[in-house]
Amino acid sequence: MLRWMFPLALSVMLAGCVDHNWQTNDITDVMPALEFDLVDEDGEDVQADAFIGKPTLLFFGFTHCPDVCPTTLAKLSAAIKQLDESRQDDVQVLFVSVDPARDTPDVLKQYTEAFGPQFIGLTGERSKIDALTNRYRVTYEYGEKDARGNYNVTHSSSVFAFDRQGEARFMFSDINSLESLVGDLSYLVEKG
């Protein structure tokens with residue numbers, strides 16, 4: 001009888017150590033805390049600590065993106081709108097441009113306004129953007145310019161979620177459902 005009680009007691013104790021079973025992808029203790037030094041959509045230098053205090057979603061993209069960015073940002077907007085109305089402004093979405101040559105602060109501000117007041121565009125020097133993408137293991141690559149100088153940028157569709165203290169908690173991607181995002185975001189707003 002004691003043989004099966006010890007594993008049972010151990011599993012109960014360990015279950016108490018689990019922070020939360022995320023419906024998307026748990027990145028707690030896998031990804032580093034939120035940290036950067038960029039420029040916001042008002043043209044002001046800004047560091048990650050300016051966003052501590054609210055759950056934060058971090059997404060890398062560019063305003064000329066034909067599909068991934070508008071689709072992802074629209075899904076994030078839809079998830080935020082499913083939160084209790086009194087909690088919607090408790091979330092902030094940081095949209096970091098990987099195309100700083102075209103995505104000036106003014107361009108970013110016009111772009112993010114279409115998705116809601118919780119969306120904030122960030123840009124900066126290429127070296128600082130690269131430091132941030134490397135920190136979260138995100139890749140991007142510029143395509144060939146066409147005759148008019150236009151080009152595409154391939155990039156990740158992952159969205160990283162951080163709690164109020166800036167600690168990484170979950171990652172959302174296009175394989176996750178809107179319902180799972182809403183569930184995790186609701187928990188993060190209530191508990192994180």
Side-chain angles (χ1 to χ4, degrees), residues 21-36 38 40-41 48 51 54-83 88 91-103 107-124 126 128-144 150-163 166-189 192:
N21 290 321
W22 300 105
Q23 297 175 44
T24 55
N25 302 293
D26 188 350
I27 59 171
T28 305
D29 299 326
V30 176
M31 287 295 195
L34 193 61
E35 185 179 312
F36 59 79
L38 294 171
D40 70 15
E41 58 190 24
F51 300 99
K54 288 185 177 184
T56 301
L57 303 177
L58 177 69
F59 178 61
F60 299 90
F62 66 114
T63 63
H64 290 77
C65 183
D67 46 21
V68 174
C69 294
T71 302
T72 302
L73 294 174
K75 194 177 272 190
L76 296 178
S77 180
I80 291 169
K81 288 176 183 170
Q82 288 190 33
L83 297 175
Q88 292 176 8
V91 179
Q92 54 199 350
V93 180
L94 305 181
F95 176 65
V96 179
S97 174
V98 293
D99 187 15
R102 293 185 290 185
D103 289 343
V107 169
L108 281 168
K109 189 169 197 158
Q110 288 178 6
Y111 188 77
T112 59
E113 283 178 350
F115 298 100
Q118 302 87 356
F119 291 74
I120 302 160
L122 299 174
T123 187
R126 231 358 240 291
K128 291 184 177 184
I129 292 168
D130 287 347
L132 185 57
T133 57
N134 289 338
R135 183 174 178 82
Y136 297 105
R137 303 176 199 144
V138 170
T139 61
Y140 68 96
E141 184 177 353
Y142 294 106
E144 294 292 321
N150 295 319
Y151 55 92
N152 196 19
V153 184
T154 56
H155 61 90
S156 168
S157 64
S158 297
V159 178
F160 302 92
F162 300 85
D163 65 18
E167 297 297 325
R169 293 298 174 217
F170 69 86
M171 182 180 72
F172 170 79
S173 66
D174 51 7
I175 63 168
N176 299 117
S177 69
L178 178 61
E179 292 75 24
S180 63
L181 173 60
V182 171
D184 284 352
L185 196 53
S186 295
Y187 182 85
L188 197 61
V189 166

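Throughout, residue positions are numbered sequentially from 1 according to the sequence presented.
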*Flag the pair Phe119 / Phe95 as yes when at least one side-chain heavy-atom distance between them is below 4.5 Å, and no otherwise.*
no

*Distance in Å, Tyr142 OH paired with Thr154 OG1, rounded so as to fall on 0.5 Å steps*: 10.5 Å

*For the residue pair Arg137 and Met31, establish whether any side-chain heavy-atom pair is separated by less than 4.5 Å.*
yes

*Measure across Gly124 and Leu38 and return the closest heavy-atom pair with its distance rounded to 0.1 Å.*
CA-CD2, 4.4 Å

_Counting C-beta onward and ignoring hydrogens, is there a side-chain heavy-atom pair between Leu178 and Lys75 closer than 4.5 Å?_
yes

*Give the ring-plane orientation class for Trp22 versus Tyr187, where under 30° counts as parallel, over 60° as perpendicular and anything between as tilted.*
perpendicular

*Donor-acceptor pair, side chain of Gln118 and main chain of Val93, under 3.5 angstrom*: no

_Can you tell me if Asp29 has over 12 outside heavy atoms packed within less than 6.0 Å of its CG?_
no

*Check: Ala33 main-chain N/O paired with Arg135 side-chain donor or acceptor under 3.5 Å*: yes

*Enter the distance from Thr123:OG1 to Lys109:NZ here, rounded to the nearest 0.5 Å.*
14.5 Å

*Going by heavy atoms in the side chains, are Val98 and Ile129 under 4.5 Å from each other?*
yes

_Phe172 side chain reached by Leu185 side chain, heavy atoms, under 4.5 Å_ = no

_Distance check, rounded to the nearest 0.5 Å: Leu181 atom CG versus Gln82 atom CD?_
9.0 Å

_Rounded to the nearest 0.5 Å, what separates atom CZ in Arg102 from atom OG in Ser97?_
8.5 Å

*Apply the test side-chain contact (heavy atoms from CB on, under 4.5 Å) to residues Phe36 and Leu122: give CA-CA distance (whole Å), side-chain angles for both, the deciding distance (0.1 Å), then the verdict.*
CA-CA 10 Å; Phe36 59 79; Leu122 299 174; 3.8 Å; yes

*Would you tell me whether Tyr140 and Asp99 have side-chain atoms, one donor and one acceptor, within less than 3.5 Å of each other?*
no

_Heavy-atom closest contact (Ala101 atom, Tyr151 atom, distance)_ = CB-OH, 4.1 Å

*Taking atom CG of Asp174 and atom OG1 of Thr71, what is their separation to the nearest 0.5 Å?*
9.5 Å

*Residue list, salt bridge (charged side-chain N to carboxylate O under 4.0 Å, His left out) with Asp163, at least two apart or on another chain*: Arg169

*Please check if the side chain of Ser186 supplies one atom and the backbone of Val182 the other of a donor-acceptor pair under 3.5 Å.*
yes

*Give a yes or no answer on whether the side chain of Asn176 reaches the backbone of Ser173 with a donor-acceptor pair at less than 3.5 Å.*
yes

Which pairs of donor and acceptor atoms, one on a side chain in residues 54-68, lie under 3.5 Å apart (sequence neighbours left out)?
unit_1	atom_1	unit_2	atom_2	d
Lys54	NZ	Asp89	O	2.8
Thr56	OG1	Lys54	O	3.0
Thr56	OG1	Gln92	NE2	2.8
Thr63	OG1	Asp103	OD1	2.4

*Work out which heavy atom in Ala48 is nearest to a heavy atom in Glu35; give both atom names and the distance.*
CB-CA, 3.5 Å

*Kindly give the heavy-atom pair with the smallest separation between Arg126 and Pro100, and that separation in Å.*
CD-CG, 4.2 Å

_Do Phe51 and Ile120 make a side-chain contact, defined as non-hydrogen atoms from C-beta onward lying under 4.5 Å apart?_
yes

*asked:* Does the plane of the ring in Tyr136 sit parallel, tilted or perpendicular to the ring in Phe160? Use 30° and 60° as the thresholds.
replied: tilted

*Is there side-chain contact between Phe170 and Asp26, with heavy atoms separated by less than 4.5 Å?*
no

